[in-house]
Amino acid sequence: MERAKQTQPDDQLVQDMFAVAEHRDQVALTRLFDHYVPKIRAFCLAAQPGANLMADDIAQEVMIRIWRKAHTYKPEAASLNTWVFTLARNARIDYFRKNSRHQTNIDPDYLFQSIVDENADPFKDAQHQRDQERIKDGLDKLPQDQKQVLYKVYLEGKTHKEAAEELSLPLGTIKSRVRLALHKLTIYIKR
Amino acid sequence: MLNHHPSIEMLTDYAAGSLALAYSLSVSTHLEHCSECQQHVRKLEVLGANLFTQTAPENQSLSFLKQSFFEKLTEEEQDRTSETLAENKQKSVKNWFDDYKIPASLRQFVPNNYDELSWMKLSPSVKIATLCDEDGIQVSLTRIKAGAHIPTHTHAGEEITLVLEGAFSDEKGVYGRGDFVSRNASHKHKPMVTKDAECICLTVLDAPIEFTGWLTRFFNPIMRRYHPQTQ
């Protein structure tokens with residue numbers, strides 16, 4: 001019942017996920033489509049500018065996976081945005097693999113299993129909630145040069161090495177920018 | 001508690017999906033053993049989600065795409081019955097294999113057990129089996145008898161070794177199940193398996209390794225022949 005009290009737009013989307021999972025509600029799916037498809041397309045186009053057909057294919061594939069896997073989504077384990085991001089990431093990898101940008105017979109479906117879902121732990125979930133807020137707030141405050149590298153790695157799908165080559169910067173500079181950013185976001189404190 | 005982990009750069013590239021799949025395979029296998037790195041990846045995915053949701057919205061109309069999506073969905077729903085059957089079948093098979101402790105990430109290549117692979121004998125105590133390759137990066141398993149050593153070798157490129165069973169040591173330390181060891185061209189090392197059990201490792205190589213001992217040099221043409229980069 002608590003869910004009903006919340007009014008933020010993201011909560012509406014979580015409600016829609018439940019409607020899809022429990023009632024196979026296609027109207028709710030349409031709302032999820034309207035919200036996420038532009039983002040998924042932008043995510044794909046960042047890696048390959050101009051590849052609109054690819055972006056359409058991947059976006060459709062992600063929406064199909066949302067439809068099929070809605071019942072596996074656990075809001076206490078991950079935010080909906082994170083869940084959809086991982087679906088989009090995996091679908092993009094899979095697309096590149098099948099369309100031979102990378103020649104490989106490795107099936108990415110085996111590599112990104114939702115390990116966290118299996119060991120639900122209320123303490124960890126609360127901690128994770130705080131981490132999420134910290135990352136969200138911290139990201140806006142990062143200096144542009146650090147954000148730029150994160151953008152290249154996450155959205156353009158470049159490795160640290162490729163980002164260094166493209167920005168004509170030493171690999172060490174890229175590494176330290178990412179480390180500084182991850183440190184500020186408290187994702188990584190040097191062990 | 002493990003002592004040897006992938007670098008934070010590698011974890012970031014993994015979570016972002018930009019890491020080559022051959023390396024992602026070794027990271028994924030490590031994560032099955034390491035809750036510390038799992039936590040890092042979880043947070044790195046949250047970061048990815050935040051960047052993902054900040055992407056600039058485009059002005060393009062999506063009504064055509066939407067229409068074609070819902071048509072596709074209807075087709076999918078019709079095909080569904082046959083697929084559920086296939087899924088169930090897979091599930092029952094999977095439970096079967098759980099006894100063998102094959103990491104989930106490797107089951108695509110090792111569905112039952114390590115013995116079913118085609119092992120190539122390098123010496124009486126060392127066997128290797130190639131699992132797959134990607135853009136010239138080779139992924140294989142190495143199986144070494146208890147107490148045996150791998151001849152001294154150097155790497156032309158980077159070598160990642162992930163311990164699946166048993167343990168081994170080299171000049172720098174001892175490595176047990178789940179440990180993630182990265183060595184590059186500047187290292188010349190001579191790993192030795194502990195005496196209590198055989199050791200099975202996952203190795204990812206971006207160039208063939210070079211044996212440097214006078215007798216073991218004869219392996220080099222073999223190693224090159226089996227490495228995808230030289231095929």
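Lettering of chains follows the sequences in order, A, B, ..., and the numbering in each one begins at 1.
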Heavy-atom closest contact ([X] atom, [Y] atom, distance):
X      : Y      : answer
A:A88  : B:F52  : CB-CE1, 4.3 Å
B:L51  : A:L155 : O-CD1, 3.9 Å
A:Y154 : B:L44  : OH-O, 2.8 Å
B:Q108 : A:D107 : OE1-N, 2.7 Å

- Query: Can A:D34 and B:K66 be counted as an ion pair, charged N to O under 4.0 angstrom?
  - Reply: yes
- Message: Just to be sure I understand the criterion: a residue of residues 127-134 of chain A counts if one of its heavy atoms is under 4.5 Å from a heavy atom of chain B. Which ones qualify?
- Response: A:H128, A:D131, A:Q132
- Honestly, the part of B:S68 sitting under 4.5 Å from a heavy atom of chain A is both
- Message: Among A:V84, A:V178, A:L182, A:L185, which residue has the highest count of heavy-atom pairs closer than 4.5 Å to chain B?
- Response: A:L182
At what distance, to the nearest 0.5 angstrom, does [atom1] of [X] lie from [atom2] of [Y]?
X      : Y     : atom1 : atom2 : value
B:S18  : A:R92 : OG    : CZ    : 8.5 Å
A:I187 : B:I8  : CD1   : CD1   : 8.0 Å
A:Q60  : B:F70 : CD    : CZ    : 10.5 Å
A:F43  : B:T53 : CZ    : OG1   : 11.5 Å

- Message: Are A:F33 and B:F69 an aromatic pair, judged by ring center distance below 6.0 Å?
- Response: yes
Within the 4.5 Å heavy-atom criterion, are [X] and [Y] side-chain neighbours or not?
X      : Y      : result
B:L21  : A:P108 : yes
A:L111 : B:T29  : no
A:Y188 : B:L11  : no

- Stepwise, does the side chain to side chain contact (heavy atoms under 4.5 Å, CB included) test hold for B:L73 with A:L29? CA-CA 11 Å; B:L73 191 72; A:L29 186 68; 3.7 Å; yes
Under the 3.5 angstrom rule, does the side chain of [X] hit a backbone N or O of [Y] as a donor-acceptor pair?
X      : Y      : answer
B:R107 : A:Y110 : no
B:K43  : A:T186 : yes
A:H160 : B:D13  : no
A:R89  : B:A16  : no

Between [X] and chain B, with a heavy-atom cut-off of 4.5 Å, which part of the residue counts as in contact: side chain, backbone, both or neither?
X      : result
A:K175 : both
A:I93  : side chain
A:I64  : both
A:T159 : both

- Message: Looking at B:K72, I'd like to know if its NZ atom is crowded, meaning that more than 12 non-hydrogen atoms belonging to other residues, nucleotides or ligands lie closer than 6.0 Å.
- Response: yes
- Sorted by chain and number, sequence neighbours left out, side chain to side chain contact (heavy atoms under 4.5 Å, CB included) with A:L167 holds for A:Q148, A:V149, A:K152, A:L169, A:I174
- Message: The criterion is side chain to side chain contact (heavy atoms under 4.5 Å, CB included); which residues satisfy it with A:A55, sequence neighbours excluded?
- Response: A:R41, A:C44, A:L45
- Pairing residues for B:Q67 by the side-chain hydrogen bond (donor to acceptor under 3.5 Å, both in side chains) criterion, not counting sequence neighbours: B:E71
- Quick one: do A:D140 and B:Q54 satisfy side chain to side chain contact (heavy atoms under 4.5 Å, CB included)? Show the steps, please. CA-CA 10 Å; A:D140 295 330; B:Q54 282 181 8; 3.4 Å; yes
- Going through the checks in order, is the side chain to side chain contact (heavy atoms under 4.5 Å, CB included) test met by B:N50 and A:F85? CA-CA 9 Å; B:N50 277 290; A:F85 163 70; over 6 Å; no
